[in-house]
Engineer: 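Supplied in structure tokens, the structure appears directly below.
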Amino acid sequence: MKILENVSLAQYSTMRLGGNARYFAEVKSNDDLLGSLDFAKNNGLNFHVLGSGSNSIFQDTGFSGLVIAMRTMGAKETEANNELQLTVGAGEIWDDIVKLSTHKGYFDVASLSLIPGTVGAAPVQNIGAYGQQVSDVIDTVRAYDTSKGIFVEISNKDCEFKYRKSRFNTTDKKRFIITSVTMRFCRKNIAPPFYSDITNYLQSHHIDERTITPIQLREAISNIRAVKLPDPADIASCGSFFKNPLVSEAEYSQLSTQFPELKSHKTDDGNLKLYAGQLIELCGLKGFHDQETGMATWKNQALVVVNESAKSTNDLLKFKKIIVTIVQKKFGITLEQEPEIIAV
Ligand SMILES: Cc1cc2nc3c(=O)[nH]c(=O)nc-3n(C[C@H](O)[C@H](O)[C@H](O)COP(=O)(O)OP(=O)(O)OC[C@H]3O[C@@H](n4cnc5c(N)ncnc54)[C@H](O)[C@@H]3O)c2cc1C
């Protein structure tokens with residue numbers, strides 16, 4: 001394993017912004033991982049674990065320590081009694097797993113088609129879409145526990161999965177470096193009702209909801225997403241840039257008298273989730289191109305911020321401030337950023 005110096009991080013974030021990493025290592029095995037951690041320790045450096053950077057924004061000052069890019073690859077597959085078990089290296093691409101499992105006839109993660117990123121990052125925020133989440137299939141996560149200095153196996157329950165959360169991005173943030181994930185797939189059937197986007201797609205493509213196959217569902221989701229979201233291979237973005245804000249019932253009833261069109265969704269804790277994309281759209285900021293910063297909101301989904309010609313992360317942060325200020329003024333709600341800004 002080579003430890004590189006002064007590597008541009010813009011190429012390792014789908015937002016394509018940010019300065020240099022002082023040191024950078026591509027980790028392909030457990031030995032590489034231990035070697036890179038030794039290097040960081042011996043040189044008194046912080047480290048940052050990187051997947052494919054689709055939820056990570058690097059600052060203009062870059063990262064002063066060691067960036068550890070997880071590239072542990074490979075997939076072990078066993079199938080028996082209508083159940084598929086996969087143990088997959090952290091560096092594998094998540095969508096390849098969706099492709100493999102749907103092609104083998106399983107529905108479990110078909111709705112997670114086309115979510116960018118690596119397998120190792122998927123448990124961190126418990127990726128999800130259209131009613132499915134990766135925690136539905138995770139059996140165990142294998143990781144290096146940096147606080148104990150040993151490799152460990154963590155059961156699904158002990159990952160403490162919640163909506164877009166796990167212990168890996170909350171209580172134990174940065175403690176575990178995930179090296180592989182074991183998943184079990186068993187859903188051979190799926191029944192309507194589907195999300196309205198999916199139902200509309202299936203109707204317009206004359207596909208019967210009751211006899212849909214996993215491959216057809218994957219295709220439907222992929223095509224729906226391709227229309228709504230920019231492809232990170234062509235357009236620089238980190239997907240949804242703002243979290244959906246939560247408000248109390250009282251706040252919602254006040255807001256909805258003034259803005260009756262506001263959509264909401266009741267959460268388990270009795271609060272109401274509003275849609276950040278709708279708030280931005282109602283401010284007239286869908287498809288808003290800012291010449292000064294070179295940033296824009298996406299034409300088909302205001303929640304997505306894209307980098308058209310920005311020169312720095314500072315440009316992105318200026319653009320964010322414009323959106324946050326306008327939304328705050330109109331609704332009294334302060335939008336919070338979704339992708340992680342990596343500390344220097
Ligand atoms: C166009 C677009 C659409 C998106 N749509 C969705 C969506 O529908 N649903 C959804 O949930 N997300 C979505 N995302 C967000 C993104 O796909 C996920 O957050 C994904 O899991 C990030 O993977 P990554 O490998 O790029 O992670 P990175 O951005 O590299 O890392 C994300 C976090 O995970 C940590 N991490 C990465 N690898 C490891 C590891 N091996 N061990 C420990 N920690 C690790 C990093 O330190 C960082 O904190 C979207 C992003 C984009 C750009």
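Order of listing sets the numbers, starting from 1, for every ligand and every atom in it. Sequence positions, counted from 1, serve as the residue numbers for this chain.
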Engineer: Would you say Asp60 and Thr313 are linked by a side-chain donor-acceptor pair, where the criterion is simply a distance under 3.5 Å?
Structural biologist: yes
Engineer: Answer yes if the ring centres of Tyr201 and Tyr195 are under 6.0 angstrom apart, and no otherwise.
Structural biologist: no
Engineer: Under 4.0 Å, heavy atoms only, figure out whether ligand 1 is touched by the backbone of Cys238, its side chain, both or neither.
Structural biologist: backbone
Engineer: Give a yes/no verdict on whether any heavy atom in Gln133 is under 4.0 Å from an atom of ligand 1.
Structural biologist: no
Engineer: Should Phe176 be listed as contacting ligand 1, given a heavy-atom distance under 4.0 Å as the test?
Structural biologist: yes
Engineer: For atom 20 (C) of ligand 1, what is the closest protein heavy atom, and at what distance to 0.1 Å?
Structural biologist: Pro116 O, 3.5 Å
Engineer: Contact between Pro230 and ligand 1, counting heavy atoms under 4.0 Å?
Structural biologist: yes
Engineer: Please report which non-hydrogen protein atom sits nearest to atom 27 (O) of ligand 1, along with the residue it belongs to and the distance in Å to one decimal place.
Structural biologist: Ala121 CB, 3.3 Å
Engineer: Quick check on Gln291: does its CD atom have over 12 non-hydrogen neighbours (other residues, nucleotides or ligands) under 6.0 Å away?
Structural biologist: no
Engineer: I need the atoms of ligand 1 closer than 4.0 Å to a non-hydrogen atom of Thr118, numbered in the order shown.
Structural biologist: 23 (O), 24 (P), 25 (O)
Engineer: Which residue and non-hydrogen atom of the protein lie closest to atom 49 (O) of ligand 1, and at what distance in Å?
Structural biologist: Glu340 OE1, 2.5 Å
Engineer: Are the aromatic rings of Tyr144 and Phe176 close, with centres under 6.0 Å apart?
Structural biologist: no
Engineer: Taking 4.0 angstrom as the limit, do Lys104 and Glu77 come out as a salt bridge?
Structural biologist: yes
Engineer: Find out whether the Lys NZ or Arg CZ of Lys188 is both under 6.0 angstrom from the six-membered ring centre of Tyr106 and within 45° of the ring's axis.
Structural biologist: yes
Engineer: Using a strict cut-off of 4.0 Å, indicate which atoms of ligand 1 neighbour a heavy atom of Ser237.
Structural biologist: 53 (C)
Engineer: Give the single entry among Gly91, Ser52, Ser240 that approaches atom 24 (P) of ligand 1 most closely by any heavy atom.
Structural biologist: Ser52
Engineer: Suppose we measure from atom 42 (N) of ligand 1 to each protein heavy atom; which comes out shortest, and what is that distance?
Structural biologist: Ile178 N, 2.8 Å
Engineer: Hey, which atoms in ligand 1 end up nearer than 4.0 Å to a heavy atom of Ser56?
Structural biologist: 28 (P), 29 (O), 30 (O), 31 (O), 32 (C)
Engineer: For atom 12 (N) of ligand 1, grab the closest protein heavy atom and report residue, atom and distance to one decimal in Å.
Structural biologist: Gln125 NE2, 3.0 Å
Engineer: Could you list the atoms of ligand 1 found under 4.0 angstrom from a heavy atom of Arg164?
Structural biologist: 11 (O)
Engineer: Assess the side chains of Arg218 and Ser113: does a donor N or O sit below 3.5 Å from an acceptor N or O?
Structural biologist: yes
Engineer: For the residue pair Asp145 and Ser147, confirm or rule out a side-chain donor-acceptor distance under 3.5 Å.
Structural biologist: yes
Engineer: Are any of the N/O atoms in Gly128 less than 3.5 Å from those in ligand 1?
Structural biologist: yes
Engineer: List the steps, then state whether ring-ring contact (aromatic ring centres under 6.0 Å, His included) holds for Phe259 with Tyr252.
Structural biologist: CA-CA 10 Å; Phe259 307 102; Tyr252 178 72; over 10 Å; no
Engineer: Return the residue, atom name and 0.1 Å-rounded distance of the protein heavy atom closest to atom 44 (N) of ligand 1.
Structural biologist: Val124 CG2, 3.7 Å
Engineer: Could you tell me whether the side chain of Asn126 and the main chain of Tyr163 form a donor-acceptor pair under 3.5 Å?
Structural biologist: no
Engineer: Evaluate side chain to side chain donor-acceptor pair (under 3.5 Å) for Ser56 paired with Ser13, printing each intermediate quantity in order.
Structural biologist: CA-CA 6 Å; Ser56 303; Ser13 159; over 6 Å; no
Engineer: Do Gln337 and Lys320 pair up side chain to side chain, a donor and an acceptor below 3.5 Å, judged on atom types alone?
Structural biologist: yes
Engineer: Picking from Val304, Val306, Leu229, Thr14, what satisfies side-chain contact (heavy atoms from CB on, under 4.5 Å) with Ile235?
Structural biologist: Val306
Engineer: I need the atoms of ligand 1 closer than 4.0 Å to a non-hydrogen atom of Asn55, numbered in the order shown.
Structural biologist: 19 (O), 29 (O)
Engineer: Which option, Val49, Val119, Ile93, Val306, owns the non-hydrogen atom nearest atom 46 (C) of ligand 1?
Structural biologist: Val49
Engineer: Under 4.0 Å, counting heavy atoms only: does Arg225 come that close to any atom of ligand 1?
Structural biologist: yes
Engineer: So is Glu338 close enough to ligand 1, meaning a heavy atom under 4.0 angstrom away?
Structural biologist: no
Engineer: Can you list the ligand 1 atoms lying under 4.0 Å from a non-hydrogen atom of Gly117?
Structural biologist: 23 (O), 24 (P), 25 (O), 26 (O)
Engineer: Relative to atom 30 (O) of ligand 1, which among Ser166, Gly51, Pro123 owns the nearest non-hydrogen atom?
Structural biologist: Gly51
Engineer: What protein heavy atom sits nearest atom 16 (C) of ligand 1, and how far off is it?
Structural biologist: Ser54 OG, 3.5 Å
Engineer: Any atoms of ligand 1 less than 4.0 Å from a non-hydrogen atom of Leu50? List them with their elements.
Structural biologist: 30 (O)
Engineer: Among Ile68, Ile3, Leu50, which one satisfies side-chain contact (heavy atoms from CB on, under 4.5 Å) with Phe24?
Structural biologist: Leu50
Engineer: Do the rings of His48 and Phe58 sit parallel, tilted or perpendicular, given the 30° and 60° boundaries?
Structural biologist: perpendicular
Engineer: Write out the residue and atom name of the closest protein heavy atom to atom 21 (O) of ligand 1, then the distance separating them to 0.1 Å.
Structural biologist: Ile127 CG2, 3.3 Å
Engineer: Which of the atoms of ligand 1 are close to Gly120, meaning less than 4.0 Å from one of its heavy atoms?
Structural biologist: 39 (C), 40 (C), 41 (N)
Engineer: So which of Asp231, Thr72, Ile115, Asn169 gets nearest to atom 13 (C) of ligand 1, if we judge by its closest heavy atom?
Structural biologist: Ile115
Engineer: Between the side chains of Gln328 and Thr325, does any donor sit under 3.5 Å from an acceptor?
Structural biologist: no
